[in-house]
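Okay, so here's the structure we're looking at.
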Amino acid sequence: MTSEKILLLDGNSLAYRAFFALPLLSNEHGIHTNAVYGFTLMLQKIMEEENPTHMLVAFDAGKTTFRHSTFGEYKGGRQKTPPELSEQFPYVRKLIDAYGIKRYELEMYEADDIIGTLCKQADEKGQQVIVVSGDKDLTQLATENTTVYITRKGITDIEKYTPEHVEEKYGLTPLQIIDMKGLMGDASDNIPGVPGVGEKTAIKLLKEHGSVENLYQALGSVSGAKLKEKLMANEEQAKMSKVLATIETNAPIEVNVDDLTYNGPNMDEVTSIWKELSFKTLLEKSEHVTEEQTTSEVTFEILDEVKKSILKDKMAIHLEMFNEQYHTSELLGIALYDGEQSYFISGSLAFESADFCEWLGDESRRKYLVDSKAAQAVSRKHNVSLLGADFDLLLAAYIVNPSISSYDVSTMAKEFGNYDVLTDENVYGKGAKKATPNLDKLAEHAIRKAQAVWKLKPTLEKKLEENEQYALYKDIELPLASILGTMESDGVKVDVDVLKEMGVDLNQKLRAIEKDIYTLAGQEFNINSPKQLGVILFEKIGLTPLKKTKTGYSTAADVLEKLESEHEIISHILTYRTLGKLQSTYIEGLTKEIHGKDQKIHTRYQQALTTTGRLSSINPNLQNIPIRLEEGRKIRKAFVPSHPDWVMFAADYSQIELRVLAHMCEDEKLVDAFNHDMDIHTKTAMDVFHVGKEEVTSDMRRAAKAVNFGIVYGISDYGLSQSLNITRKEAATFIDQYLNSFPGVKDYMDDIVREAKHNGYVTTILKRRRYLPEITSSNFNLRSFAERTAMNTPIQGSAADIIKKAMIDMAKRLKDENLQTKMLLQVHDELIFEAPKEEIAILEKIVPEVMEGAIKLIVPLKVEYAYGPSWYDTK
DNA sequence: CTCTACCCT
DNA sequence: ACGACAGGGTAGAGT
């Protein structure tokens, strides 16, 4: 016989525990979810750890139980179950059913009694049982075969009561727990016990006499007159209390242990409940663990070569890579699907076929792809240009909803109703275990992706049309993908020697500062460890901690700056941090990313990641190369043109976000300021402080600048007070003054929040959307965040729209003018090119022209540019 | 893997 | 009273 393990759960008790252990969470429909959530977490954890073969969740049925006939006031005076909890019980039950777990309740009996009865049955047969509850009373059920798990604070933290553990904790046997309850009573169940006898006395008495009955027989020998008197006066009550505390082990239940077989969950049902309740974390996790997701079968052919006859005018094609770093990753194979037939060809074999390469480069033969930028980059690596990319699943899904958490094909397919793609993790494994599966499995996986692309195309295109986003998708994102791919493949040249020299210099400086710090601290320690540093500064040296983090003292730069005058060590630490950051992230980090073949860095732009429509840059991130401080800015000297006698040419939009704001809110003064090309921060200072241009001090301008930034981000007095280092009150006054000075801005902010509440989303100039379900939340934080997002996203997102359009226009213009100039980088409001010197003159004309003309606003766009022998010199 | 810190627009 | 300004990426420490 296989070893059986029976898990019995006290549903009511656990739901109560979860409810009070967790904050009152609720989903977007206002249904409270904390008890269900906590219950689920606990359930998941315990099932994973115990692997039970049998399971049951017992519930209390109704208010009256057989115990009430013994004692009418049993459980009297108990608080009514809060409605926020009651409303969750149906979900708990639904969830248990979805998990395929039996549940049971019985008129007149409590969950304890059902559990007790089943325990006894199982125990008699010698079966292993685990009881889970939040109620310590159940520890009386512990036996050699039965362990009782009681939740401690929280819900997943568990204390395991074996008879030994009971003995250890109380010095009693599990059955004596009942006697203990009889003597001491239980306030929560309104069991009286003997007044004046608490846990300590009860245990002492029971150690001596063994049970309530024996105690009363030997009452004479009890020491202490007062105690004896109390016991004597309450004999009946003590005996009744013991009866009340006794869990019934012979309840007339209609289930028996064999009915409780557990066969695993119906994950579809479980996840659909999770979805209903918005359990995002669990949903995400489940995608990683789900083992058997896929259902339908696929038939396919594995080819050794690509024949012309299989290549159609419209095909889904997927290039399966080992990892997402497609510039360096191995191409594992190519899947093709024409709506009927599926093919797979291993590795880069396909590129050996002239027919295939010709088909790939034929614009009139339409390709449907998962990620056209990656596919184009890989093709380019094989010296073929992929043309005719007609559908890009990644981009389409991103435009439809930029908040989707992950853009692997499996997730996207699921999001839009196709469940037939496995996750990459599922196929390859994760972490150190990641490996390419056998050919059949690999082919099937790739083909499922190609098929998903084919099947999802109409769904997504329809959705894009409905949302009036087809143009954004087709005329902006899709062509931009090709341009970005080219920029990535072209890469930017880096002069390693410049980095190396800086590295040596930095290293020297770091060693010196390190020594100073150790001397000042009086000991050596790891300066890079905030924990160790905190101990040194705030315990050893005795500085006053101004701020704390979750885990200890905050040693963040803004905190340390305030302490700078207190001790000499602080400024050294700040310098050490600055230089250390340059060394590790930029000198060492960038050096690692230089490709040996061409001495270039090929970053990857993530085109479907940010919720606002911006790009992001990884491996490495070239959008955060230092500029603010001169020491860091020097890093830019390493970024050079890839040909001698060429220059770096950089152009950036001036105040693009504030111009977008002016366009959208149509505030008279703001629009006017840009139409007259005024210094916007000075102008703001003039209006907010009611002074003339000449009277604006540098502090006033600085404050105005911070307010302008704040406005763009969806301002709060707290945020502004932080950036200006002023009190919240002062910040609030500033904001009020600003909004009074620019009433159009105030109206815009109010309107956009109202619009977001009404539609559930906000949009940018090119109809990019961001959904904000939390805008109606009753949780202050969630709602406030959504409100700020509503104000910020149209501004940041529209600015992103503009530069994306500019990049497309720019690429076309460079081609039309037959220039050699290459667009290399995009840094949100800035484009960086490399150009032969002869082309500088024309760039000076066309770059501003194209960028400023990308999208017409009611205020002009302004572009500034500079060029020089390195990126550093483009200032 | 999470946290802290710090770099950018 | 509480919370605590938008969007990102990377490195190092410590669990």
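All heavy atoms count here, side chains included; hydrogens, waters and symmetry mates do not. Because the structure is a prediction, the values reported are computed rather than measured. Chain letters run A, B, ... following the sequence lines, proteins first and then strands; every chain starts at 1.
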Quiz item: Within the pair S716(A) and dC5(C), is there a side-chain N or O less than 4.0 Å away from OP1 or OP2?
Solution: yes
Practice problem: Please list residues of residues 782-791 of chain A whose heavy atoms come under 4.0 Å from any atom in DNA chain C, ordered by number; otherwise none. | Solution: F785(A), R788(A)
Among residues at least two apart in sequence or on other chains, which ones pass salt bridge (charged side-chain N to carboxylate O under 4.0 Å, His left out) with [X]?
| X | result |
| --- | --- |
| K634(A) | E630(A) |
| R614(A) | E657(A) |
| K515(A) | none |

Exercise. Tell me which nucleotide among dG8(C), dG12(C), dC5(C) gets nearest to the side chain of Y718(A).
Key: dC5(C)
Practice problem: Could you please name the option among dA4(C), dG9(C), dG14(C) that lies closest to any side-chain atom of L609(A)? | Solution: dG9(C)
Practice problem: Classify the nucleic acid contact of I795(A) as base, sugar-phosphate or nothing, counting any heavy atom under 4.0 Å across all strands shown. | Solution: nothing
Exercise. Assign Q606(A) to base, sugar-phosphate, or nothing according to its heavy-atom contacts below 4.0 angstrom with the strands shown.
Key: sugar-phosphate
Quiz item: What integer number of Å spans the P atoms of dC5(C) and dT9(B)?
Solution: 22 Å
Quiz item: Using the P atom in both, what is the distance from dC3(B) to dA4(C), to the nearest Å?
Solution: 15 Å
Quiz item: Looking just at side-chain N and O atoms, do D679(A) and T682(A) make a donor-acceptor pair shorter than 3.5 Å?
Solution: yes
Quiz item: N526(A) has an atom CG; how far is it from atom P of dC3(B), in whole Å?
Solution: 20 Å
Quiz item: Taking 4.0 angstrom as the limit, do K757(A) and E787(A) come out as a salt bridge?
Solution: yes
Quiz item: Near DNA chain B, which residues from residues 503-513 of chain A have a heavy atom under 4.0 Å away?
Solution: none
Quiz item: Taking the six-membered ring for Trp, is the centroid-to-centroid distance between F734(A) and Y738(A) below 6.0 Å?
Solution: no
Quiz item: How does protein reach along nucleotides 4-9 of chain B, written 5' to 3' as B (base within reach of a heavy atom under 4.0 Å), S (only sugar-phosphate), or - (no contact)?
Solution: SSBBSB
